[in-house]
Amino acid sequence: MKLSMRGFKLVIGLIAVIDLSAAHIIFDFDGVLAESNRRAVLWEVLRAAGPTHLLGAYNPFSVESTFLKFLSSIEKRHQDTPLAFYNNKPLPQIMCDWMCGTKSTQEIRHIIEKALIESSKYSSHKTLFKALSTVLFTPMLFVRGIAPIKDGIKLFKKCASMLDEEGKRVHKLYILSNWDPESFRLLAQLEPFEEIISLCTGIIISGDVHLMKPDIRIFECLFNKYEINPHKELTIFIDDQRINIAAAREMNKRQLHAFLCENAKFKSIKKEMKKLGVI
């Protein structure tokens with residue numbers, strides 16, 4: 001009996017699925033599955049400050065570095081705070097506290113408002129900075145500026161769709177992310193993130209465990225909680241920060257492969273995953 005080209009492709013595809021190497025696949029959230037939608041953020045900032053205060057006077061994103069300097073001036077970094085980065089710059093202590101869940105968003109807004117009142121150096125930016133902090137540290141407003149990274153979501157779903165000959169999922173998927181607990185709860189209820197969350201075997205966010213990448217303890221927290229043995233089990237970690245990739249590699253787990261996702265590009269990552277027989 002002759003096999004049609006379509007039938008041939010189906011058979012080859014089935015063989016490929018059966019031969020897949022089962023893996024624990026760990027995705028970062030920010031920069032891999034989600035990103036800031038600057039237009040949406042700008043709109044929320046304008047709503048918070050009032051267009052008359054900003055239009056024609058400021059471009060909110062051109063003063064981003066100044067805003068981070070202001071936040072850094074509020075409190076010096078603690079020695080035991082991991083050196084987390086945003087746009088290649090160390091995160092201010094107050095933002096680390098936010099992501100680690102050691103300060104609530106309400107507490108942070110209060111601290112910033114007090115610092116703005118007392119500051120003379122940043123007096124010309126007070127309206128803008130208050131608006132930025134209101135949007136950033138109000139979960140309902142913050143999540144409005146978060147958008148899915150389509151290629152990241154697509155890869156996640158592709159990994160979830162890999163099935164064995166019994167129709168069971170081959171891989172176990174996880175999220176390991178530096179994220180505050182309040183806004184993550186809201187994001188988890190939104191499309192398409194709700195579907196992604198439902199496909200996860202496990203999730204660890206910094207705000208729940210009071211640790212953050214690149215501190216290796218947060219990796220160990222994930223491994224221990226979900227009984228992952230990266231020495232013996234194929235484990236893949238995808239992150240957009242070089243320092244987090246370096247931390248994962250320095251753990252010297254024999255079966256742990258850490259892949260850098262730069263500028264939301266996944267071509268090289270998919271190529272390496274194919275070499276490992278994961279997709």
Side-chain angles (χ1 to χ4, degrees), residues 28-36 41 44-45 48 60-61 63-119 121-122 125-126 128-146 175-188 203-222 225 239-248:
D28 180 25
F29 198 74
D30 186 28
V32 176
L33 299 174
E35 63 185 346
S36 175
V41 173
E44 294 300 333
V45 170
F61 303 111
V63 295
E64 186 177 80
S65 61
T66 308
F67 181 60
L68 290 176
K69 287 179 181 177
F70 162 67
L71 293 181
S72 296
S73 71
I74 294 175
E75 184 179 358
K76 292 183 179 180
R77 285 184 60 84
H78 303 166
Q79 289 185 346
D80 59 349
T81 299
L83 200 59
F85 285 84
Y86 173 75
N87 284 348
N88 299 316
K89 294 180 180 179
L91 279 178
Q93 181 64 45
I94 197 168
M95 293 191 75
C96 292
D97 292 340
W98 171 50
M99 289 186 176
C100 283
T102 56
K103 284 188 176 72
S104 69
T105 50
Q106 186 176 0
E107 287 178 297
I108 291 173
R109 290 196 306 271
H110 176 73
I111 291 169
I112 290 175
E113 287 177 13
K114 185 173 182 293
L116 283 171
I117 292 171
E118 296 173 350
S119 172
K121 182 178 180 180
Y122 298 98
H125 294 91
K126 283 185 178 181
L128 176 59
F129 283 4
K130 184 175 180 180
L132 281 169
S133 61
T134 297
V135 172
L136 185 61
F137 300 111
T138 303
M140 286 292 293
L141 300 179
F142 178 65
V143 299
R144 291 177 187 172
I146 303 299
I175 288 174
L176 177 64
S177 185
N178 291 343
W179 207 284
D180 79 283
E182 295 172 87
S183 65
F184 193 85
R185 303 286 184 273
L186 296 177
L187 279 174
I203 298 172
I204 294 288
I205 61 167
S206 58
D208 283 338
V209 297
H210 309 308
L211 296 168
M212 64 189 299
K213 296 175 292 185
D215 189 332
I216 63 171
R217 290 179 297 173
I218 196 170
F219 291 93
E220 295 290 2
C221 182
L222 178 76
K225 182 173 182 178
D239 198 283
D240 70 319
Q241 296 294 318
R242 289 182 180 276
I243 194 168
N244 298 338
I245 295 296

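- Atoms CZ and CG, from Phe142 and Leu186 in turn, are 10.5 Å apart once rounded to the nearest 0.5 Å.
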Would Phe29 and Leu187 count as a side-chain contact (heavy atoms from CB on, under 4.5 Å) here? Give the steps. CA-CA 11 Å; Phe29 198 74; Leu187 279 174; 3.9 Å; yes
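- Pairing each heavy atom of Val209 with each of Cys221, the nearest pair is CG1-SG, 3.8 Å.
- Atoms CG and NE2, from Asp97 and His210 in turn, are 11.5 Å apart once rounded to the nearest 0.5 Å.
- Contact between Leu176 and Lys213 at its shortest, heavy atoms only, is O-NZ, 2.9 Å.
- Looking at heavy atoms from C-beta onward, Trp98 lies out of side-chain contact with Ile94 at the 4.5 angstrom threshold.
- Counting only distance, with no hydrogens or angles, the side chain of Ser206 and the backbone of Trp179 share a donor-acceptor pair below 3.5 Å.
- Of all the heavy atoms in Pro82 and Pro214, the pair that sits closest is CB-CD, 3.8 Å.
- Counting heavy atoms from C-beta on, the side chains of Ile175 and Leu33 come closer than 4.5 Å.
- Around CZ of Arg217, the count of heavy atoms belonging to other residues, nucleotides or ligands within 6.0 Å does not exceed 12.
- The neighbour count for Gln106 CD, taken as heavy atoms of other residues, nucleotides or ligands under 6.0 Å away, does not exceed 12.
- Contact detail for Leu211 and Cys100: the closest heavy-atom pair is C-SG, 4.1 Å.
- Closest heavy-atom contact between Gln93 and Thr81: OE1-OG1, 3.0 Å.
- The salt bridge (charged side-chain N to carboxylate O under 4.0 Å, His left out) contacts involving residues 67-83 comprise Glu75-Lys103, where partners must be two or more places apart or lie in separate chains.
- The distance from the CG atom of Leu71 to the CD1 atom of Ile111 is 11.0 Å, given to the nearest 0.5 Å.
- Between His125 atom NE2 and Leu116 atom CG the span is 11.5 Å, to the nearest 0.5 Å.
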Atom pairs and distances, donor-acceptor, side-chain atoms in residues 241-248, under 3.5 Å, two or more places apart:
| unit_1 | atom_1 | unit_2 | atom_2 | d |
| --- | --- | --- | --- | --- |
| Arg242 | NH2 | Glu262 | OE2 | 2.7 |
| Asn244 | ND2 | Asp239 | OD1 | 3.1 |

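- Atoms OG and CD1, on Ser119 and Ile112 in that order, are 12.0 Å from each other to the nearest 0.5 Å.
- At least one donor-acceptor pair under 3.5 Å links the side chain of Asp180 to the backbone N or O of Ser183.
- Considering CZ of Arg109 and CD of Glu113, their distance stands at 7.5 Å, rounded to 0.5 Å.
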Distance-only criterion, 3.5 Å: show the donor-acceptor pairs between side-chain atoms of residues 133-141 and protein atoms not counting sequence neighbours.
| unit_1 | atom_1 | unit_2 | atom_2 | d |
| --- | --- | --- | --- | --- |
| Ser133 | OG | Phe129 | O | 3.0 |
| Ser133 | OG | Lys130 | O | 2.9 |
| Thr134 | OG1 | Lys130 | O | 2.7 |
| Thr138 | OG1 | Thr134 | O | 2.5 |

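- Counted by atom type alone, Glu182 and Ser104 present zero donor-acceptor pairs between their side chains at under 3.5 Å.
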